[in-house]
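Residues take their numbers from the sequence shown, with the count starting at 1.
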Amino acid sequence: MNLIVAVDKNWGIGCDNKLLAHIPEDMKFFRVMTTDKTVVMGRKTFDSLPNGALPNRNNIVLSRDENFKADNVRVHNSIGIGDDSVFVIGGESIYKQYLPLCTRAYVTKIDAEFEADRYMENLDKDPDWAVESSKKMSTQSGINIEFVTYVNTKLV
C-alpha cells in the first residue's frame, strides 16, 4: 500500500477541508500515480472533491457512518493491507491510521508555508522512513516543489 500527499514546509496538508495550494504539476503527478488504481480516503476528503468520485480509479471512502452512500464509491469502516495498486490519499486521520501499513510514501514538498489545520507526520524525523528518491522542480507559478519518495524501512 502507498500513501500520496502534498505538504508545505511545516508538513501541513490542508485548511478548512481544502488543499493548501493547487499546483498543476502536483495535480498531474497525482493523476499519473493514481489513475487505474485504488484510492482510499476519509469521508471529509471525499466531501472536499469538487466532482465526487475520482474518475478512472476505484474509490474507497472510509466512514464510521453506516448510512453514508455516494455514487461510484465503495464505503468501508476500515480496510486491510493493500498491494502496490492502493494509494491512501487523506485526510489527516486516515494518513495517521494507515502510515504504518504503507511501504512507500509519495510526498510533494511545497517550498512555502501556508495556514493549515491538518498535518502529515514529518517523515524526515521518523526513523522508520527513509528517502528513496527525490526530484526538485520549479512550477509555472514560481513555487518550488520537490517530489520525494520515502520507503518504510520496516516493510521494505
Ring pair (Phe, Tyr, Trp, His ring centres under 6.0 Å) partners for Tyr150, two or more places apart
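So Tyr150 forms no ring pair (Phe, Tyr, Trp, His ring centres under 6.0 Å) with any residue.
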Establish whether [X] and [Y] are linked, either directly or via other cluster members, by ILVMFWY side-chain heavy-atom contacts under 4.5 Å.
X      : Y      : value
Met33  : Val107 : no
Val148 : Trp11  : yes
Ile110 : Phe29  : yes
Ile79  : Val75  : no

Side-chain donor or acceptor of Asn122 paired with backbone N/O of Met120 under 3.5 Å:
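Not a single qualifying donor-acceptor pair exists.
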Main-chain N/O of Phe30 paired with Thr34 side-chain donor or acceptor, under 3.5 Å
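Such a contact is found between Thr34 side chain and Phe30 backbone.
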Side-chain heavy atoms of [X] within contact of [Y], under 4.5 Å:
X      : Y      : result
Cys102 : Phe87  : no
Tyr119 : Tyr95  : no
Thr139 : Asn144 : no
Glu132 : Arg104 : yes
Glu121 : Asp126 : yes
Val151 : Thr103 : no
Leu49  : Leu54  : yes

Can you give each donor-acceptor pair under 3.5 Å made by side-chain atoms of residues 12-28, sequence neighbours left out, with the distance rounded to 0.1 Å?
{"unit_1": "Asn17", "atom_1": "ND2", "unit_2": "Lys44", "atom_2": "O", "d": "3.1"}
{"unit_1": "Glu25", "atom_1": "OE2", "unit_2": "Gln140", "atom_2": "N", "d": "2.8"}
{"unit_1": "Asp26", "atom_1": "OD1", "unit_2": "Thr108", "atom_2": "OG1", "d": "2.6"}

Smallest separation among heavy atoms of [X] and [Y], with atom names:
X      : Y      : result
Leu123 : Ala105 : CD1-CB, 3.6 Å
Met137 : Phe147 : SD-CE1, 3.4 Å
Arg43  : Val61  : CA-CG1, 3.7 Å
Val73  : Ala70  : CG2-O, 3.4 Å
Asn58  : Arg74  : ND2-NH2, 3.2 Å
Met1   : Gly80  : CE-O, 3.8 Å

Please lay out, stage by stage, how Thr38 and Ile60 fare under the test side-chain contact (heavy atoms from CB on, under 4.5 Å).
CA-CA 7 Å; Thr38 296; Ile60 296 177; 3.6 Å; yes
[atom1]-[atom2] distance between [X] and [Y], expressed to the nearest 0.5 angstrom:
X      : Y      : atom1 : atom2 : answer
Leu62  : His76  : CG    : NE2   : 8.0 Å
Ser93  : Arg118 : OG    : CZ    : 8.5 Å
Glu113 : Asp8   : CD    : CG    : 6.5 Å
Lys136 : Lys109 : NZ    : NZ    : 9.0 Å

Determine, step by step, whether Asn2 and Val88 satisfy the side-chain contact (heavy atoms from CB on, under 4.5 Å) criterion, reporting the C-alpha distance in whole Å, the side-chain angles of both residues, the deciding distance to 0.1 Å, and the verdict.
CA-CA 6 Å; Asn2 303 288; Val88 176; over 6 Å; no
For Asp83 and Ser85: C-alpha separation, side-chain torsions, deciding distance, then whether side chain to side chain donor-acceptor pair (under 3.5 Å) applies.
CA-CA 5 Å; Asp83 60 25; Ser85 68; 2.5 Å; yes
So does Asp71 have more than 12 non-hydrogen atoms from other groups sitting under 6.0 Å from CG?
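Incorrect, the count does not exceed 12.
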Evaluate whether atom CG of Asp47 has more than 12 neighbouring non-hydrogen atoms of other residues, nucleotides or ligands under 6.0 angstrom away.
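Counting other residues, nucleotides and ligands, CG of Asp47 exceeds 12 neighbours.
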Evaluate Thr149 against Val131 for side-chain contact (heavy atoms from CB on, under 4.5 Å), listing each step before the verdict.
CA-CA 6 Å; Thr149 303; Val131 173; over 6 Å; no
Whether Phe46 and Phe68 hold their rings parallel, tilted or perpendicular, with breakpoints at 30° and 60°
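The arrangement is perpendicular - the two ring planes meet at more than 60°.
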Passing candidate, side chain to side chain contact (heavy atoms under 4.5 Å, CB included) with Ile89, options Val5, Leu3, Ile4:
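With Ile89 as partner, side chain to side chain contact (heavy atoms under 4.5 Å, CB included) holds for just one option, Ile4.
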Lys9 with Asp111: basic N within carboxylate O range, under 4.0 Å
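Judged by the 4.0 Å cut-off on N to carboxylate O distance, Lys9 and Asp111 do form a salt bridge.
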Starting from the C-alpha separation in whole Å, work towards a yes-or-no answer on side-chain contact (heavy atoms from CB on, under 4.5 Å) for Leu99 and Trp129.
CA-CA 10 Å; Leu99 180 64; Trp129 290 87; 3.4 Å; yes
